[in-house]
Number of protein chains: 2
Amino acid sequence: MKYSNQTRILVAVDCIVFGFDGTEYKLLLIQRGFAPEKEKWSLMGGFVQPEESLDEAASRILKQLTGLQDIYLEEMGAFSRPDRDPIERVVAVTYVALIDIEKYQQQINDDFHARWFPMKELPKLIFDHQEMVDIALNKLRYKAAFHPILFELLPEKFTLPQLQTMYEGLYNTKFDKRNFTRKLLSTNLLKKEKEKDKLSSKKGAFYYSLDVKQYKETILTIQNIIPLHEITSVRE
Amino acid sequence: MKYSNQTRILVAVDCIVFGFDGTEYKLLLIQRGFAPEKEKWSLMGGFVQPEESLDEAASRILKQLTGLQDIYLEEMGAFSRPDRDPIERVVAVTYVALIDIEKYQQQINDDFHARWFPMKELPKLIFDHQEMVDIALNKLRYKAAFHPILFELLPEKFTLPQLQTMYEGLYNTKFDKRNFTRKLLSTNLLKKEKEKDKLSSKKGAFYYSLDVKQYKETILTIQNIIPLHEITSVRE
DNA sequence: AGATTAATTGTAATAATTACACTAATAATC
DNA sequence: GATTATTAGTGTAATTATTACAATTAATCT
């Protein structure tokens, strides 16, 4: 038994993977393996299979095309212009991930020519993938202003100057060191470690790590219009 | 020419329409017009047609099933469990709207038994529609804490007590009048009108309206971690 | 005219944000 | 081993935002 007289459509998933290498933002791309636009640079995409959800499809596709697994992927929206794919109609649902480039460098598998491109030097992308990336970057900027999600882009232990560089890179601006660190530390999300990172300076900068318990509590908290003590519960 | 060996899937759109009547939040539902679950309460849903985008499908479906048109609908996410519809696989993309119940009361058309239900008295919904509503409400709470989007739920002219009631209703709490109005007015988004609303009190409360130009500028502004003067441009 | 109802308004204490520049630690160099 | 170069780390005062708290005002109703 089926719904009659309805058109069935190909559903695809495209994964937008942002990375940070301590200096700049990069985007992970692959060379598309099939026609049309074979060999052209593309997000990691594929078709949803009959027995998998979109989340499952996104994880599978990312793993198949890059080797990356156990990455947090967040749905970002559907792209559905009827002519967005020249071959036939495809509705694409996008997923976004933020990863620490160095941490996952090993996992990334060369079979499909996955490659990191600095955000300022992206090649021409197929179909509407550039639009997907633009929207994802704007959403990331927006979210990062409220939520300390940029931690996800860093290794487990990171320094305050690294964090600051990351925020400055996202917004193309400079912040005052004292005010920036004060604000970050006042969140109580950071734990100072005993070791220093000696790679990027002579003096060396102390490592910090994310206080995961605090983080999970804090990320559920609503700010601004709602006085903090009024909050009961918010799922997301 | 088509992509070979791929499964095509029904794609549906479901519209979650929240309303506020000055006192409480309500959800617009219809009685489903076809099997399975015919006559059961449901979000306004339908299948995406070959030549329309998802946004277009959402507008069309909302209009066909309720008469509502020119409503701002925002995509909220896909629901894709393979077994979410017992007849056959359907991937549903949800859209959320906020409207002023009284303003649109006229437009709402009884052909399909569209009806407002108070959020605390929702009937059993088909499939995973209750889950969609729960997620939408949480996202609304979350967004409203940062963005003054609740204006969209009110008529063009509204009073400060109405606004406060709306915020209090969303969070099940009470705010201090003085602090609430001070905060709202400090956004410079509200313009005081000359007339008063005399319906809800003897003294009458002045009407305010949204300063649309200011609103569009402000909604693009990022707060918190990013000092305001640093912002260049953020699309969303 | 007086009672009733809900709208409107201010202030003082506290907390957060901003602007601003020198000192500390280490490695590299002479 | 002293000097230089480099980046990390830190404090304070002025301003602005937030909070807690209650009397007065405008209009209608009796």
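Note: hydrogens, waters and symmetry copies are ignored here, and every other heavy atom, side chains too, is used. Convention: sequence-line order gives letters A, B, ...; per-chain numbering from 1.
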Quiz item: Is the side chain of A:Arg141 donor-acceptor paired with the backbone N or O of A:Leu170 at a distance under 3.5 Å, no angle test?
Solution: yes
Quiz item: Is the shortest side-chain N to carboxylate O distance from A:Glu74 to A:Lys143 below 4.0 Å?
Solution: yes
Quiz item: C:dA16 P sits how many Å from A:Asn188 CG, rounded?
Solution: 11 Å
Pairs under 3.5 Å (N/O, protein and nucleotides 10-12 of chain C):
| unit_1 | atom_1 | unit_2 | atom_2 | d |
| --- | --- | --- | --- | --- |
| C:dG10 | N7 | B:Arg182 | NH2 | 3.4 |
| C:dG10 | O6 | B:Arg182 | NH2 | 3.3 |
| C:dT11 | O4 | B:Arg182 | NH2 | 2.7 |

Practice problem: Would you indicate which nucleotide in D:dT10, C:dT9, D:dA26 comes nearest to any side-chain atom of B:Thr181? | Solution: C:dT9
Exercise. Just call it for B:Lys177: base, sugar-phosphate, or nothing, with non-hydrogen atoms closer than 4.0 Å on any strand.
Key: base
Quiz item: Ion pair present between A:Glu195 and A:Lys157, side-chain N to carboxylate O less than 4.0 angstrom?
Solution: yes
Quiz item: Can you list every pair that meets salt bridge (Lys or Arg N to Asp or Glu O under 4.0 Å) and has a residue in residues 162-171 of chain B, with sequence neighbours left out?
Solution: B:Glu168-B:Lys174
Quiz item: Quick one: does A:Gln164's side chain have a donor or acceptor within less than 3.5 Å of a partner on A:Phe180's backbone?
Solution: no
Practice problem: Taking B:Ser53 for its side chain and A:Ser80 for its backbone only, find out whether a donor-acceptor pair lies under 3.5 Å. | Solution: no
Quiz item: So, the side chain of A:Lys191 versus the backbone of A:Val212: is there a donor-acceptor pair under 3.5 Å, distance only?
Solution: no
Quiz item: Where the side chain of A:Thr159 meets the backbone of A:Ala205, is there a donor-acceptor pair that is under 3.5 Å apart?
Solution: no
Distances under 3.5 Å between nitrogen or oxygen atoms of protein and nucleotides 28-30 of chain D:
| unit_1 | atom_1 | unit_2 | atom_2 | d |
| --- | --- | --- | --- | --- |
| D:dT28 | OP1 | B:Lys198 | NZ | 3.1 |

Quiz prompt | Residues in salt bridge (Lys or Arg N to Asp or Glu O under 4.0 Å) contact with A:Asp176, at least two apart in sequence or another chain | solution = A:Arg178
Quiz item: To the nearest Å, how far apart are B:Leu163 CG and C:dA6 C1'?
Solution: 17 Å
Quiz item: For B:Leu199 and C:dT5, what is the distance between atoms CG and C1' respectively, to the nearest whole Å?
Solution: 15 Å
Practice problem: Rounded off to whole Å, could you give me the CG-to-C1' distance for the B:Leu184 and D:dT19 pair? | Solution: 16 Å
Quiz prompt | B:Tyr104 side chain to B:Gln69 backbone, donor-acceptor under 3.5 Å | solution = no
Exercise. Apply ring-ring contact (aromatic ring centres under 6.0 Å, His included) to B:Trp41 and list each qualifying residue two or more places apart in sequence or on a separate chain.
Key: B:Phe117
Quiz item: What does A:Ser186 touch in the nucleic acid at a heavy-atom separation under 4.0 angstrom: a base, only the sugar-phosphate, or nothing?
Solution: nothing
Self-check item: Interface residues of residues 154-161 of chain A with DNA chain C (non-hydrogen, below 4.0 angstrom)
Solution: none
